[in-house]
Amino acid sequence: MSEKYKWMTEQEFMKEIDDLDNLLHDFCKGSELYPYETVKINLKALRDIIVRVHKRKHYFKVFHDGMITSEYKETALYCYWILKLRPLWIDPDLEGSERINEKFALHLYISLLKQYNKDFSEKDGINKLHIKELLYSFRFRDITKESMILMLEPYYYEYLKRNDTLF
């Protein structure tokens, strides 16, 4: 018998909002294409994304023998849902405005890699051609939740290998 899903608390929800907002600040500052003040957020879509990721984490726990969702899986899920529900938009007259969701998802993806893989850098771990391919794929290809997770998992296993002698 499975455990019933428990809705996230308002504090958990607000923490997710704060974390995503901080990442959006970093993204806008780093990209120099999108001033933070000009980025609009569809709050209904953002709430939907947060709840969907939370439910999927519960799904892994219940239907996969107590599996804990790594930050890699969680980031992959956020990337997937941001690409699917497109919660960000900006003035359409600005350059690159139609790709803001794809670029933000890529920012989440690379930020995670930099955070947990200390030797990771764009030139060593992911080259410009790969970044262009990811952006193209995020925009025009069908990427499932599972494939997004699989794209990040090799980096997770590398992280585990370096930090867990029993791995």
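In what follows, residues are counted from 1 in the order of the sequence shown.
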Just how far is it from atom CG of Leu150 to atom CE of Met148, taken to the nearest 0.5 Å?
11.0 Å

Tell me, yes or no, whether the heavy-atom count around Lys145 atom NZ, taken from other residues, nucleotides or ligands under 6.0 Å, exceeds 12.
yes

To the nearest 0.5 Å, tell me how far Leu46 CG sits from Ile41 CD1.
6.5 Å

Beyond-backbone contact of Met8 with Lys15, side-chain heavy atoms, under 4.5 angstrom
no

Between Tyr136 and Ile131, is there a shared hydrophobic cluster once you connect ILVMFWY residues whose side-chain heavy atoms come closer than 4.5 Å?
no

Hey, which of Asp26, Leu113, Ile82, Leu24 is the one that makes side-chain contact (heavy atoms from CB on, under 4.5 Å) with Leu108?
Ile82

For residues Ser137 and Ile143, report the shortest heavy-atom separation together with the two atoms involved.
O-CD1, 3.7 Å

Could you check whether the rings of His107 and Phe27 sit parallel, tilted or perpendicular, using 30° and 60° as the cut-offs?
tilted

Find the distance between CG (Asn101) and CZ (Arg99) and round it off to the nearest 0.5 Å.
11.5 Å

Honestly, is Arg47 close enough over Phe13, meaning NZ or CZ under 6.0 Å from the six-membered ring centre and within 45° of the axis?
yes

Residue pair Glu133 / Leu129, side-chain heavy-atom distance below 4.5 Å
no

Are Asp48 and Lys44 ion-paired here, with the side-chain N under 4.0 Å from a carboxylate O?
no

Decide whether Leu135 and Phe140 are clustered together by the hydrophobic rule: side chain heavy atoms of Ile, Leu, Val, Met, Phe, Trp, Tyr closer than 4.5 Å, transitively.
no

Side chains of Tyr78 and Glu16 in contact at under 4.5 Å (non-hydrogen atoms):
yes

Would you say Leu85 and Leu77 are hydrophobically clustered, going by side-chain heavy atoms of ILVMFWY under 4.5 Å?
yes

d(Asp19 CG, Met14 CE) to nearest 0.5 Å is 11.0 Å

May I ask you to test the Ile50-Ile17 pair for a side-chain heavy-atom distance under 4.5 Å?
yes

Minimal heavy-atom distance between Tyr109 and Cys79, with the atoms involved, is N-SG, 4.1 Å

So that I can tick it off, tell me whether Glu146 and Arg56 are bridged by a salt bridge, with the cut-off set at under 4.0 angstrom between side-chain N and carboxylate O.
yes

I'd like to know if Glu153 and Lys73 make a salt bridge, using a cut-off of under 4.0 Å between side-chain N and carboxylate O.
yes

Quick one, Val39 and Phe104 - any side-chain contact, counting heavy atoms below 4.5 Å?
no

Would you indicate whether the side-chain heavy atoms of Asp21 and Tyr36 approach each other to under 4.5 Å?
yes

Could you measure the distance from the NZ atom of Lys103 to the CG atom of Leu134? Nearest 0.5 Å is fine.
13.5 Å

Trp7 versus Val51: any side-chain heavy-atom pair under 4.5 Å?
yes

Considering only heavy atoms from C-beta outward, does the side chain of Glu102 approach that of Leu83 to under 4.5 Å?
yes

Shortest non-hydrogen contact between Met151 and Pro154, atoms and distance
O-CD, 3.7 Å

Would you compute the distance between atom CG of Leu112 and atom OG of Ser70 and round it to the nearest 0.5 angstrom?
8.0 Å

